[in-house]
Amino acid sequence: MIAAERAYGQTRLGRIADIMLTGKHILLIISGGIAAYKSLDLIRRLREQGATITPVMTRAAEQFVTPLSVAALSGSKLYRDLFDLTDEAEMGHIQLSRSADLILVAPATGDLMARMAQGRADDLASTLLLATDTPVVIAPAMNVRMWDHPATQRNIKTLTDDGIAMLGPNEGDMACGEYGPGRMVEPMEIVQAVKRHFDSGPLVGRRIIITSGPTHEPIDPVRYIANRSSGAQGSALAEALSAKGAEVVFVTGPAEHAHPAGAQVVMVETAQQMLEAVQSALPADAAIFAAAVADWRIDDASDRKLKKTRDGLPALTFTENPDILATIAKSKNRPLLVVGFAAETDNVLAHAKAKRERKACDWIVANDVSPETGIMGGSENAVTLISEEGSETWPRMTKREVAKRIADRVAQALAE
Ligand code: C5P
């Protein structure tokens with residue numbers, strides 16, 4: 001089985017309508033209160049729903065639950081230290097704080113809430129919370145007097161004004177023997193709230209396939225033909241569409257850009273594998289073909305490394321790759337909206353318009369990738385959107401901004 005099928009098989013195992021958190025990545029910060037024991041169940045429940053959990057523990061949390069239990073239950077690396085050089089090499093604090101779709105703090109102690117309200121960054125948890133631009137949901141847990149204290153009430157107001165969502169606390173008997181508000185909400189209530197958080201946006205219930213990155217076409221087991229696509233535009237599109245609530249299947253060749261948060265990622269190498277992965281991801285409401293697919297592959301790639309010989313240079317013969325965009329656009333389970341990209345170096349508009357008709361797609365996003373534009377491999381793009389109605393040239397902007405604009409248009413088109 002090819003890598004793509006394996007990866008896709010895994011994500012399809014329990015598909016998907018009832019497993020609502022598939023592809024969602026949650027950074028779970030556990031701070032030090034007795035309610036930390038409930039976080040272990042929370043991790044299990046969130047994972048049952050398909051979420052990926054990256055856990056972070058404060059020093060105090062380690063007094064209540066063991067790092068080993070947290071790491072084992074979440075099935076992922078546990079982050080604990082602000083000044084951990086290994087962590088810094090693997091994933092910096094800034095990236096860690098932004099790689100998730102949601103940051104969940106459960107339990108959130110009075111102390112951590114106070115530090116958040118002040119904008120402090122004196123341990124890993126508070127630093128991540130200060131560095132992030134990801135939505136944050138907190139589930140406070142503390143003694144009832146601490147909850148009622150004017151200082152905590154001030155902090156709650158500050159945090160709410162800062163846009164942080166708060167779950168609970170519930171009222172009830174407390175571990176310390178008192179009664180009142182201060183109990184952390186139950187794990188299943190948190191799971192329901194997390195689901196509600198993701199169940200919003202104009203593309204909820206829409207499934208969108210994106211191809212991205214280059215393809216690698218083997219010459220022999222160690223050599224291949226590739227291109228300079230970084231995958232940046234495709235990743236940005238996946239994130240912009242996920243942020244609008246779409247269920248995104250991201251089929252990517254071996255790209256250097258980080259995979260998008262919030263999408264189901266299917267990794268492939270060759271154009272043929274990419275076509276198969278897209279076909280097995282159908283049906284979908286829309287498909288956006290941002291990959292730079294090799295037009296040709298080596299006809300009879302060698303399964304042994306080609307050697308230098310005295311008989312001269314190896315002769316490589318090429319054969320044509322399938323055109324994934326055209327194949328899907330002309331297939332009987334064609335998505336409602338099919339979008340192609342046209343990377344050109346000359347006569348951009350004329351070529352792109354012809355391509356739209358030839359490949360039977362609804363829109364073409366055309367761009368000039370001449371070396372002097374710095375677009376191929378860069379962070380900006382200058383595009384013209386071509387549809388049946390005509391063409392529209394957008395000013396040069398970042399690939400993330402281009403992605404957001406395209407996502408707006410996709411949402412409009414699918415709403416019509
Ligand atoms: O023909 P050209 O490669 O310029 O077409 C670009 C568009 O077609 C892009 O959307 C690209 O992802 C798609 N394409 C494809 N399969 C190919 C070649 C291009 O899906 N074999």
Side-chain angles (χ1 to χ4, degrees), residues 4 208-218 224-238 241 248-255 257 260 266-282 284 286-299 318-331 333-335 337-370 373 375-377 381-387 391 399 402-403 406-407 409-410:
I208 300 180
I209 301 169
I210 297 175
T211 69
S212 179
T215 60
H216 285 184
E217 307 296 336
Y224 54 83
I225 297 172
N227 62 65
R228 293 184 198 283
S229 167
S230 66
Q233 187 64 76
S235 273
L237 270 167
L241 291 160
V248 174
V249 183
F250 182 75
V251 181
T252 178
H257 200 277
V266 184
M267 289 187 282
V268 297
E269 292 203 349
T270 66
Q272 285 171 302
Q273 291 171 356
M274 189 173 271
L275 174 61
E276 286 169 30
V278 170
Q279 282 169 330
S280 37
L282 288 168
I288 303 181
F289 295 87
V293 184
D295 289 321
W296 318 280
R297 65 176 182 278
I298 305 296
D299 195 6
F318 287 89
T319 185
E320 210 171 317
N321 264 332
D323 189 310
I324 305 167
L325 165 59
T327 307
I328 301 297
K330 295 173 188 174
S331 72
N333 46 358
R334 179 192 200 276
L337 181 67
V338 175
V339 181
F341 274 69
E344 306 283 351
T345 52
D346 57 289
N347 253 334
V348 177
L349 270 190
H351 282 144
K353 283 181 175 162
K355 199 165 286 182
R356 194 185 81 83
E357 305 223 332
R358 196 169 64 244
K359 301 201 180 199
C361 53
D362 300 295
W363 305 343
I364 281 272
V365 181
N367 56 0
D368 184 344
V369 292
S370 312
T373 65
I375 283 173
M376 199 89 170
N381 209 347
V383 307
T384 300
L385 182 68
I386 298 161
S387 65
S391 68
K399 288 180 178 174
V402 169
I406 294 174
R409 291 302 180 84
V410 170

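Both ligands and their constituent atoms are indexed starting at 1 by order of listing. Keep in mind it's a predicted model, so treat the numbers as computed, not measured.
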**Message:** Determine whether Glu217 and Asn321 satisfy the following criterion, side chain to side chain contact (heavy atoms under 4.5 Å, CB included), listing intermediate values before the conclusion.
**Reply:** CA-CA 10 Å; Glu217 307 296 336; Asn321 264 332; 3.3 Å; yes

**Contact (N/O only, under 3.5 Å) between Leu325 and ligand 1** = yes

**Prompt:** Among protein heavy atoms, which lies nearest atom 21 (N) of ligand 1, and at what distance?
**Reply:** Pro322 O, 2.8 Å

**Prompt:** Where is the nearest protein heavy atom to atom 7 (C) of ligand 1: which residue, which atom, and how far?
**Reply:** Phe341 O, 2.9 Å

**Prompt:** Backbone or side chain, does any N or O of Lys355 fall under 3.5 Å from an N or O of ligand 1?
**Reply:** yes

**Message:** Taking only non-hydrogen atoms of Ala291, do any sit less than 4.0 angstrom from ligand 1?
**Reply:** yes

**Prompt:** Looking at atom 16 (N) of ligand 1, what's its closest protein heavy atom, distance included?
**Reply:** Ile324 N, 3.0 Å

**Message:** Can you confirm, on distance only, whether ligand 1 has an N/O atom lying under 3.5 Å from any N/O atom belonging to Val339?
**Reply:** no

**Asked** Would you call Asp346 and His351 a side-chain contact if the rule is heavy atoms closer than 4.5 Å?
**Response** yes

**Complete:** re atom 3 (O) of ligand 1, the protein heavy-atom contact at minimum distance is Asp295 OD1, 3.9 Å

**Request:** Report yes if the side chains of Thr211 and Val293 come closer than 4.5 Å at any heavy-atom pair, otherwise no.
**Result:** no

**Message:** Just to be sure I read this right, does ligand 1 sit under 4.0 Å from the backbone of Ala326, its side chain, both, or neither, counting only heavy atoms?
**Reply:** neither

**Asked** Does Ala343 reach ligand 1 with a nitrogen or oxygen that is under 3.5 Å from one of the ligand's nitrogen or oxygen atoms?
**Response** no

**Prompt:** Is there a side-chain contact between Leu282 and Ile328, using heavy atoms and a 4.5 Å cut-off?
**Reply:** yes

**Prompt:** N/O to N/O below 3.5 Å, does that happen between Val293 and ligand 1?
**Reply:** no

**Asked** So, are Asp362 and Arg334 salt-bridged, with charged N and O less than 4.0 Å apart?
**Response** yes

**Asked** Any non-hydrogen atom of Lys359 lying under 4.0 Å from ligand 1?
**Response** yes

**Asked** Does an N or O anywhere in Phe289 fall below 3.5 Å from an N or O of ligand 1?
**Response** yes

**Message:** Surrounding CZ of Arg358 (heavy atoms of other residues, nucleotides or ligands, distance under 6.0 Å), is the total greater than 12?
**Reply:** yes

**Request:** Assign the ring pair Tyr224 / His216 to parallel, tilted or perpendicular, where the plane angle (0 to 90°) is split at 30° and 60°.
**Result:** parallel

